[in-house]
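Remarks on the structure that follows.
Start at 1 and go down the list; that is how both ligands and their atoms are numbered.
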Amino acid sequence: MRFAIVKSAAELGERAFYEIKCVLKAKPDAVIGFATGRTPLPLYEKMAADHAKNGTSYKRVTAINLDEYVGVEAKDKNSFARFMKDNLFSKIDIDPANTNIPNGMAEDLEAECVRYAKFVAEHPADIQILGIGANGHIAFNEPYTKYDTTTHIALLTAKTRSDNAEGFGSPAAVPSYALTMGIKEILSAKKILMLASGEGKAEAIYNMLQGRDDTSCPAAALRSHPDVTVVLDEAAAKYLAFDEWAKIARTAESAAPAAPVTAEKEPPAAPVAPAKEEEAAAPAEETAPVAEVAEVAEDGAPAEDKPEETVEETVEEAPVEETAPAEDEKVYLEAEIIEDDEAEEESAPIVIEEPTRGKKKKGRKNKTLSGV
Ligand code: GLP
């Protein structure tokens with residue numbers, strides 16, 4: 001699981017768009033799973049702006065949405081169908097015939113779930129965009145939903161109805177039921193892009209990563225997925241002990257790491273080409289926003305708590321050159337978390353990106369804190 005911490009809604013939109021653009025470049029006829037809610041709006045704004053400016057095409061894209069309220073017509077301002085049309089689909093060149101959302105007005109809701117589940121199974125998402133509810137829900141999979149669910153009728157919690165009341169006037173006016181893709185279907189996406197912003201999501205994000213190993217936080221199901229990128233603002237990331245991880249990564253970066261962590265400089269086996277100037281100058285959406293990598297224990301514990309830990313550091317010979325920071329320059333620091341138990345070691349690592357501004361470095365350093 002990879003975490004990117006951003007400083008603004010605009011940056012969240014840009015960072016998320018980078019993921020979408022990568023998928024589209026590789027596969028112009030990609031299946032994209034879309035989410036509703038306030039959180040993905042900066043992404044949708046960026047997609048619309050990019051389409052207008054650069055002509056990025058969605059003509060061959062298939063869109064599959066996660067969920068819809070029961071009893072709300074598509075043309076109603078509170079429907080998710082209308083949300084998608086107003087905020088994205090009408091602003092890009094996607095074919096409306098290629099957009100899909102469960103029909104919450106279906107006479108036979110069970111049959112509609114079966115129809116949608118079949119469609120989802122036949123069109124696995126190349127990337128699934130997700131938001132998260134304050135109670136950890138994904139789509140409308142509320143706490144204690146089983147991980148093996150497919151599209152179903154969900155009973156919404158009071159918390160969700162209250163959080164989603166804007167537009168309906170009051171929590172009581174929010175439908176009690178929704179049709180939602182199930183957790184199993186969400187996990188079947190090849191890539192998952194989870195977005196969260198604001199302090200109200202901080203606890204859910206913490207539970208997703210470090211909470212109980214049960215179904216109390218549906219988003220925790222994402223821990224088992226091999227390719228998840230989580231883009232968060234600092235408020236949503238506030239319980240992630242991110243400062244501790246960043247400190248560990250920075251310690252590894254310095255020439256003299258804090259005792260008792262021992263540092264060994266590995267002579268590079270073969271000379272590695274320094275980063276190309278043009279790579280550094282490429283626009284954000286064209287360049288993988290990754291500069292440095294450090295691996296730390298999943299529990300975020302400081303390195304000194306792990307007696308057998310060692311620091312391995314590989315530094316390229318290219319001199320580090322400091323220049324005045326460009327206004328829009330971003331340097332990303334990554335902390336990669338190694339799973340404790342052997343079985344989990346095979347799953348995808350957890351990675352933290354921290355956007356910082358400041359020193360521009362030539363060359364690239366690869367650092368590893370390991371030994372768990
Ligand atoms: C709804 C949607 C979810 C969404 C959540 C959070 O409940 N079903 O898909 O993630 O709202 O919405 P927001 O981004 O507005 O906080």
Do any nitrogen or oxygen atoms of ligand 1 lie under 3.5 Å from a protein nitrogen or oxygen, and which ones?
| residue | atom | partner | partner atom | Å |
| --- | --- | --- | --- | --- |
| ligand 1 | 7 (O) | H137 | NE2 | 2.8 |
| ligand 1 | 7 (O) | N164 | ND2 | 3.1 |
| ligand 1 | 8 (N) | D67 | OD2 | 2.7 |
| ligand 1 | 8 (N) | A139 | O | 3.1 |
| ligand 1 | 10 (O) | I132 | N | 3.4 |
| ligand 1 | 14 (O) | R38 | N | 3.2 |
| ligand 1 | 14 (O) | T39 | N | 3.0 |
| ligand 1 | 14 (O) | T39 | OG1 | 2.4 |
| ligand 1 | 15 (O) | R38 | N | 2.7 |
| ligand 1 | 15 (O) | R38 | NE | 2.8 |
| ligand 1 | 15 (O) | R38 | NH2 | 3.2 |
| ligand 1 | 16 (O) | K201 | NZ | 2.6 |

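No hydrogens or angles considered: nothing links the side chains of T56 and N54 as a donor-acceptor pair under 3.5 Å. At a cut-off of 3.5 Å, with distance as the only test, no side-chain donor of Y69 or D76 sits close to an acceptor on the other residue.
With sequence neighbours excluded, no residue satisfies ring pair (Phe, Tyr, Trp, His ring centres under 6.0 Å) with Y147.
The salt bridge (charged side-chain N to carboxylate O under 4.0 Å, His left out) pairs that include a residue from residues 168-196 are D126-K190, K191-D227, where partners are two or more places apart or lie in different chains.
Between D86 and R82 there is a salt bridge, since at least one side-chain N of the basic residue sits less than 4.0 Å from a carboxylate O of the acidic one.
Residues near M105 contribute nothing to a hydrophobic cluster around it, because no ILVMFWY side-chain heavy atom sits closer than 4.5 Å to its side chain.
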